[in-house]
Number of protein chains: 2
Amino acid sequence: MPASKGMPPKPEGPGERVGHAVEQVGQVVEQAGIAVGQAVDDIGGYIRSQRESAQVSLRQLARTAGVSNPYLSQIERGLRKPSAEILQQIAKGLRISAEALYVKAGILDEKPASDVTDAVFADPTLTERQKQVLLDIYQSFRRENDKPVVLGPSTELPDHEE
Amino acid sequence: MPASKGMPPKPEGPGERVGHAVEQVGQVVEQAGIAVGQAVDDIGGYIRSQRESAQVSLRQLARTAGVSNPYLSQIERGLRKPSAEILQQIAKGLRISAEALYVKAGILDEKPASDVTDAVFADPTLTERQKQVLLDIYQSFRRENDKPVVLGPSTELPDHEE
DNA sequence: GCACTGTGCTTGCAACAGCTAGCGCTCGGG
DNA sequence: CCCGAGCGCTAGCTGTTGCAAGCACAGTGC
């Protein structure tokens, strides 16, 4: 495999034997990359999965997050270890909480689990109607997540358009 | 004042007039340092005050925290900006929560005292974006409850009295 | 064919984080 | 006096982070 800049070459080699060899080398390299990513608690893979489920390109996220797109690419592939400030910016671009990324990056402990329904009912700052509305939305979100992946993008697209 | 390494020289100059001038220059320098520290939300000053109230020397804290003592000195004086990992180590040495230092450093928002927020963040059945949407609605409901006149007294006043 | 726009990635570099080696100073003991 | 232990800090160095410039590739329209 020749050293090429930019996109990796297509696996369509000139001959089948060469092509098979190229594919095997590529798999070894990919597995090494995955091992590196997992060694840092896979924050890069998590960012990529969030980005893909939001159907946003790497460049678009880099722009909304305010980081360079090569650097975001390196982060997603586990080649670099971003600071908390960068994670904060990426979270802003993904419209998720920075805390979620901090937990994945290992700089913040995951909060103990507690029940949303009980907490909403017990909250003294909400009216009863507001509690019901919140819980209706909560339940509909959970129903969406119980459905097959086919229904996932259809709910995500309206948010993406906003 | 000659350029000296290590500790600053004692203000006991050879003459009173010289001594007074040295003190005034020293105060100006100190005030400039304080301004720099405040520009980064005074995480350095906060660490120093925690260390002093624990009656621990800079070297002792550096040792228990596992960071170099010159670096801890620079952090306290606002000359360097520590990463979250270093803050985590310093928090361990001070026996305080890392979250407290993250908040001071500006990489973590101070948590609203709410069980609902915790519960939503911890819920494994929601995606990160759904969590954020739910919490945005929750916060806007609470803001509405701060202005009962807007939504009409018939729904708000009974709950408000409770 | 071409040019254009978009995609994700490579490469090299500057700035910064964090460290080591060492400084001057204070204090206490011999 | 000396020495040792402790104090906080300076200066120089190395490795890492985050970036800009640029690459190859894919898709679209003329």
Side-chain angles (χ1 to χ4, degrees), chain A residues 1-13 22 26 29-30 33 36-37 39-40 43-45 47-49 51-52 54-90 93 105 107, chain B residues 1-13 22 26 29-30 33 36-37 39-40 43-45 47-49 51-52 54-90 93 105 107:
Chain A
M1 189 182 293
S4 60
K5 298 174 75 169
M7 288 282 281
K10 295 198 297 184
E12 296 174 2
V22 170
V29 171
E30 282 179 0
V36 169
V40 295
I43 176 65
I47 287 168
R48 175 164 288 197
S49 72
R51 174 171 68 79
E52 285 169 348
Q55 299 197 339
V56 177
S57 74
L58 186 143
R59 286 196 179 195
Q60 287 167 350
L61 175 59
R63 186 165 47 240
T64 56
V67 304
S68 73
N69 77 71
Y71 190 52
L72 180 59
S73 172
Q74 287 169 335
I75 290 165
E76 287 190 353
R77 288 173 289 133
L79 301 182
R80 295 290 167 94
K81 180 175 179 311
S83 66
E85 284 76 19
I86 293 289
L87 289 176
Q88 205 170 29
Q89 288 177 247
I90 292 170
I107 61 176
Chain B
M1 188 185 293
S4 60
K5 298 177 71 171
M7 288 284 279
K10 293 198 295 182
E12 295 176 4
V22 170
V29 171
E30 282 180 1
V36 170
V40 296
I43 177 63
I47 288 169
R48 175 163 289 195
S49 71
R51 174 172 67 80
E52 285 170 346
Q55 298 195 342
V56 176
S57 74
L58 186 143
R59 287 192 181 197
Q60 286 167 351
L61 175 58
R63 185 164 47 240
T64 56
V67 305
S68 73
N69 78 70
Y71 189 55
L72 179 58
S73 172
Q74 286 169 333
I75 291 166
E76 287 190 350
R77 288 174 289 133
L79 301 181
R80 295 291 166 93
K81 180 173 176 319
S83 66
E85 283 77 19
I86 293 289
L87 288 177
Q88 208 168 27
Q89 288 175 247
I90 292 170
I107 62 176

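Side chains included, hydrogens not; waters and symmetry mates left out as well; all remaining heavy atoms used. Throughout, a chain's letter reflects where its sequence line sits, starting with A, and its residues are numbered from 1. On a predicted model such as this, the values are computed, not experimentally measured, just so you know.
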Should [X] be listed as having a side-chain N or O under 4.0 Å from OP1 or OP2 of [N]?
X: Ser57(A); N: dG6(C); result: no
X: Gln74(A); N: dG8(C); result: no
X: Arg63(B); N: dG6(D); result: no
X: Ser73(A); N: dC9(C); result: yes
X: Gln89(B); N: dG18(C); result: no
X: Arg59(B); N: dG6(D); result: no

Next item on the list: Decide yes or no, distance alone: a donor-acceptor N/O pair under 3.5 angstrom between the base of dC7(D) and the side-chain of Asn69(B).
Entry: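 Result: no qualifying N/O pair found.
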
Can you pull every protein N or O that's under 3.5 Å from an N or O on nucleotides 14-16 of chain D?
none

Check: Taking only residues two or more places apart in sequence or in another chain, which ones pass salt bridge (Lys or Arg N to Asp or Glu O under 4.0 Å) with Glu52(B)?
Finding: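 Glu52(B) satisfies salt bridge (Lys or Arg N to Asp or Glu O under 4.0 Å) with no other residue.
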
Margin query: Checking Glu76(B) now: which residues fulfil side chain to side chain donor-acceptor pair (under 3.5 Å) with it, not counting sequence neighbours?
Written below: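 Residues passing side chain to side chain donor-acceptor pair (under 3.5 Å) with Glu76(B): Arg48(B), Arg51(B).
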
Next item on the list: Between Pro70(B) and Ile86(A), name the one whose nearest nucleotide on DNA chain D is closer to the 5' end.
Entry: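 The answer here is Pro70(B).
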
Check: Nearest to the side chain of Arg51(B), which nucleotide is it out of dA17(C), dG18(D), dG8(D)?
Finding: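 Closest nucleotide to the Arg51(B) side chain: dG8(D).
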
Just list the side-chain donor-acceptor pairs under 3.5 Å for residues 64-72 of chain A, sequence neighbours left out, or say none.
from, atom 1, to, atom 2, distance (Å)
Thr64(A), OG1, Gln60(A), O, 3.2
Thr64(A), OG1, Leu61(A), O, 3.1
Ser68(A), OG, Tyr71(A), N, 3.3

